[in-house]
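Below, read A as the first sequence line, B as the second, and so on, with proteins coming before strands; counting in each chain starts at 1. Treat the numbers as computed from the prediction; the structure is a model and nothing was measured. Scope of the values below: all heavy atoms of this structure, side chains included, with no hydrogens, waters or symmetry mates.
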Amino acid sequence: MCGELRASDAGKQVVLMGWVNRRRDHGDLIFLDLRDRSGITQVVVDKSRSGEALEKAEAARPEYVIAAIGEVRAREAGLENPNMPTGDIEVVVSELLLLSDAKTPPFSPAEDAIQNEELRLQYRYVDLRRPEMQKNFVVRHKVTQAIRAQLSGEGFLEIETPVLTRSTPEGARDYLVPSRVHAGHFYALPQSPQIFKQILMVSGFDRYFQVARCFRDEDLRADRQPEFTQIDLEVSFPTQDMIFGITERFVKAAFEAAGETINTPFLRMTYDEAINKYGIDKPDMRLPAMANLTDVLTPELRETLKIEAALPVYGFVIPGVGELSGTARKSLLSEIRTFFGDSGLDALDLVRLRTAEQFVPLAEEIGSHLNATTVAFNGNNFTADDLAVVITPKLGTPEMWNFDRQWIPKRVGALRLELAKKFADKHQLFEKKGTPDDYKFLWVTDFPMYEFNEEKKTWDAAHHPFTAPHEDDIKSGALYNDKGAVRALAYDVVLNGLELGSGSIRIHRKDVQSEIFRSLGMSDEEARERFGFFLEALEYGTPPHGGIALGIDRIVMLLAGANSLREVIAFPKTAKAIDLMVDAPSLPTEMQMRELHLKTTVRS
RNA sequence: GGGGACGUAGCUCAGUUGGUCAGAGCGCUGCCCUGUCACGGCAGAGGUCGCGGGUUCGAGCCCCGUCGUCCCCGCCA
């Protein structure tokens, strides 16, 4: 292929087929760069060798598909191109075939990425020709193959589950597909294979996995598409540690397939710890934790800093920010106030903002505490280049932060991320160093079982309603009288602040499952209506089981160094869930509507 | 549902205070060129300034609306 020939191939007769990347026309001598997914080779068409070939080369334009028949020749000294892997050779053409001509594309695959993503998506087939995109899909292929090989090697069976099915328990909006045969009835596309994989456990396939397409009709983000791919697995007779081990091994295999080394086992942290130290359930471990300074501050310090005795105080450090000018500090302060200032509730006040060396003695204790936290969590030293930020609520609003203990750490954690993002580009905070430390994996464990729904005044399942509660929290009775305190056997795997996947140990006893449905305010009838088949399955001999699902798109995105899933999905959708190439969604014909027993309230 | 950025030639973008402001580079087309590799030279074509309305003697520029793309919040594991 075009990218494979080397000096050792000199003298060989070859046929190269590919796209014209560039043409350099010297009159009676024409160079064509021929491109396929393996790379680019220079093809030389010399009139003195073949006048016919030269005529065809003159007619060739970028993106024509051609076949070049000729001999591989080592380039003469001084004519090599050290910038190309094939730069030591060229193919001297004896015959040229124009296999396909091409309109001038709206942008050239020979160029680097163009800015106009609308055009890229509309002409995706041209965009995908770009070596960068081809590289991404090679990575994607290698990653999925490595995962398949690893899991197969550990005794997992790959089993497919339906796409036309009924609502799954994740709680996002469903994509619905009308049934022609059953008037007024709809299939739902699965938000995950959750129920099926659990039933596969009931069926005795004790180790299942699937590269599964999932569908969720929610608004998009750079890291969220309406359809995405998960590596989904489930295991019978598991422990949490078993799931963690399996996951760590296949993630390691996936990263190695992409040429990256990572550290295992992953770090672990409980949900509570994550909220308290990072203010978020998916901490970016490349940044030092924040510190709760509330109990650290002496009365004298509080006096000096004018912080009332009872007020909580949080601090955090953004590393590598460097010296800030007075103006920069002022504008940063006002940015922080803007950040906090919208809701009225979160009227926090910034009391001190200094680089470390400017810490006056009175504030040293803050610095040293932040430093200790930093050392404890990141192995870094706290230096003068680090930016220390200390946050406390405004005076006179104590009831505000008492109703929800997580409220302040979450806000401060959000600011921490915001500032990190702000300084990241300037100070290369997240630049890869080519070491395993580029990838900070983390297990977040012991998620709460329930979360309170403020609007409906009910308790919802934080994960999904098949998640098993902690044994201890069943025994202690918390399950019945203190829902907010119940911990679930649910876990997330987080990489550099991005949620890669989540899973749980499931409920395998029908009585516990019914109790959970009840506690979620779901009546027996409702539970039967939605999941009756599943509850029944549980009654026919269910092994303890649990599993996890990781987003392959996100893994590949990180490995490809991309900022958006669209770079690693061949035919992705826009922020409004439109496929610009095929122009989907589209209006059905009247005939289709009739057959499907549908009427729409919208006029076309 | 809300907030922000962007929209001028195929692409990337410039366009000042409303008055030669319809421009550049790349690409494209034609001609020339036997050692280029982002080839080079000469010539040329190419515009509903996203769309609609308004203000004005006059709008790419100001106002209102609308559409599209991207980012974020809400939402979503």
message = Classify A:N21 by what it touches in the nucleic acid, base, sugar-phosphate, or nothing, heavy-atom distance under 4.0 Å.
response = nothing
task = Please give the nucleotide sitting opposite B:C57 as a Watson-Crick or G-U wobble pair, both distances under 3.5 Å, or none.
result = B:G19
Counterpart base for B:C28, defined by Watson-Crick or G-U wobble contacts under 3.5 Å = B:G44
ask   = Taking the side chain of A:S502 as heavy atoms from C-beta outward, which of B:C75, B:A77, B:C70 is closest to it?
value = B:A77
Distance, rounded to the nearest Å, where A:R173 contributes CZ and B:A77 contributes C1' = 15 Å
request  = Scan nucleotides 34-44 of chain B nucleotide by nucleotide, 5' to 3', and note B when protein non-hydrogen atoms come under 4.0 Å of the base, S if they reach only the sugar-phosphate, - if neither.
outcome  = BBBBSB-----
Between the protein and nucleotides 4-14 of chain B, which nitrogen or oxygen pairs come in under 3.5 angstrom?
from: B:G10; atom 1: O2'; to: A:P106; atom 2: O; distance (Å): 2.7
from: B:U12; atom 1: OP1; to: A:N116; atom 2: N; distance (Å): 2.9

query = Given that both distances must come in under 3.5 Å, which nucleotide forms a Watson-Crick or G-U wobble pair with B:C49?
reply = none
inquiry  = Between A:R268 and A:D241 (salt bridge meaning N to carboxylate O under 4.0 Å), is one present in this structure?
reply    = yes
request  = Determine the interatomic distance between C1' on B:G2 and the same-named atom on B:A77; round to the nearest Å.
outcome  = 23 Å
task = Quick one: label A:G171 by what it contacts on the DNA or RNA (base, sugar-phosphate, nothing), any heavy atom closer than 4.0 Å.
result = sugar-phosphate
Same-atom distance (P) from B:G68 to B:C32, integer angstrom = 49 Å
inquiry  = Just to verify, what does A:F31 make a ring-ring contact (aromatic ring centres under 6.0 Å, His included) with, not counting sequence neighbours?
reply    = A:H26
note = Nearest-nucleotide check on RNA chain B, A:T574 vs A:A462; residue mapping nearer the 5' end is A:T574
key: Donor/acceptor link under 3.5 angstrom from A:R61 side chain onto base of B:G27   = no
ask   = Whole Å only: how far is the CD atom of A:E58 from the P atom of B:C33?
value = 10 Å
key: Nucleotide B:C70, atom P - distance to CZ of A:R224 in whole Å   = 14 Å
task = List for me each residue that meets side chain to side chain donor-acceptor pair (under 3.5 Å) alongside A:S38, sequence neighbours excluded, and say none if there are none.
result = A:D36
ask   = Any ion pair linking A:R73 and A:E71 (charged N to carboxylate O, less than 4.0 Å)?
value = no
request  = Take atom CG of A:D217 and atom P of B:C75, then tell me their distance rounded to the nearest Å.
outcome  = 16 Å
query = Does any pair with a residue in residues 208-217 of chain A pass side chain to side chain donor-acceptor pair (under 3.5 Å), and if so which ones, sequence neighbours excluded?
reply = A:T161-A:Q210, A:Y208-A:Q210, A:Y208-A:D232, A:R213-A:E227, A:R213-A:T229
request  = Taking salt bridge (Lys or Arg N to Asp or Glu O under 4.0 Å) as the test, write out the residues that go with A:E58, two or more places apart.
outcome  = none
remark   = In whole angstroms, the gap separating P of B:C76 from NE2 of A:H464 amounts to 15 Å
remark   = Between CG of A:L417 and P of B:C72 the distance, given in whole Å, is 13 Å
query = Rounding to the closest angstrom, what is the interatomic distance between B:C62 and B:U29 at atom C1'?
reply = 40 Å
key: Pairing residues for A:R166 by the side chain to side chain contact (heavy atoms under 4.5 Å, CB included) criterion, not counting sequence neighbours   = A:E529, A:F533
ask   = Can you name the ring-ring contact (aromatic ring centres under 6.0 Å, His included) partners of A:F228, sequence neighbours left out?
value = none
ask   = Mind checking what makes salt bridge (Lys or Arg N to Asp or Glu O under 4.0 Å) contact with A:K56, not counting sequence neighbours?
value = A:E52
request  = Using the six-membered ring wherever Trp is involved, compare the ring planes of A:F531 and A:F517 and label them parallel, tilted or perpendicular (cut-offs 30° and 60°).
outcome  = parallel
Distances for protein N/O vs nucleotides 45-47 of chain B N/O pairs under 3.5 angstrom?
none

Donor-acceptor pairs under 3.5 angstrom involving side-chain atoms of residues 103-113 of chain A: please list them, not counting sequence neighbours.
from: A:S108; atom 1: OG; to: A:A110; atom 2: N; distance (Å): 2.9

message = What's A:F447 touching, base or sugar-phosphate or nothing? Going by heavy atoms closer than 4.0 Å.
response = base
request  = Using the P atom as the reference point in each nucleotide, state the distance between B:C49 and B:U8 in Å, no decimals.
outcome  = 11 Å
ask   = Between A:D127 and A:R124, is there a side-chain N and carboxylate O pair less than 4.0 Å apart?
value = yes
Atom-to-atom span, CG of A:D492 to P of B:C76 - whole angstrom = 15 Å
query = How many Å lie between CD on A:Q194 and C1' on B:A77, as a whole number?
reply = 11 Å
query = Is there a donor-acceptor contact under 3.5 Å from the side chain of A:Q225 to the main chain of A:K573?
reply = yes
request  = Identify whether any heavy atom of A:R216 sits under 4.0 Å from a base atom; if not, whether one sits that close to sugar-phosphate; answer base, sugar-phosphate or nothing.
outcome  = sugar-phosphate
Span that lies between the P atom of B:G58 and that of B:G18, in whole angstrom = 16 Å
task = Could you give the distance separating B:G7 and B:G15 at their C1' atoms, to the nearest angstrom?
result = 15 Å
ask   = Counting only Watson-Crick or G-U wobble pairs whose two distances fall under 3.5 Å, which nucleotide matches B:U69?
value = B:A5
query = With rounding to whole Å, what would you report as the distance between B:U12 and B:C28 at their C1' atoms?
reply = 15 Å
message = For A:A172 and A:I578, find the nucleotide of RNA chain B closest to each by heavy atoms; which residue's nucleotide sits nearer the 5' end?
response = A:I578
inquiry  = Test: ring pair (Phe, Tyr, Trp, His ring centres under 6.0 Å). Region: residues 37-87 of chain A. Which pairs qualify, not counting sequence neighbours?
reply    = none
inquiry  = Could you tell me how far B:C6 sits from B:C64 if I compare only their P atoms? Round to whole Å.
reply    = 15 Å
note = Of the candidates B:C76, B:C28, B:U69, the side chain of A:L580 sits closest to B:U69
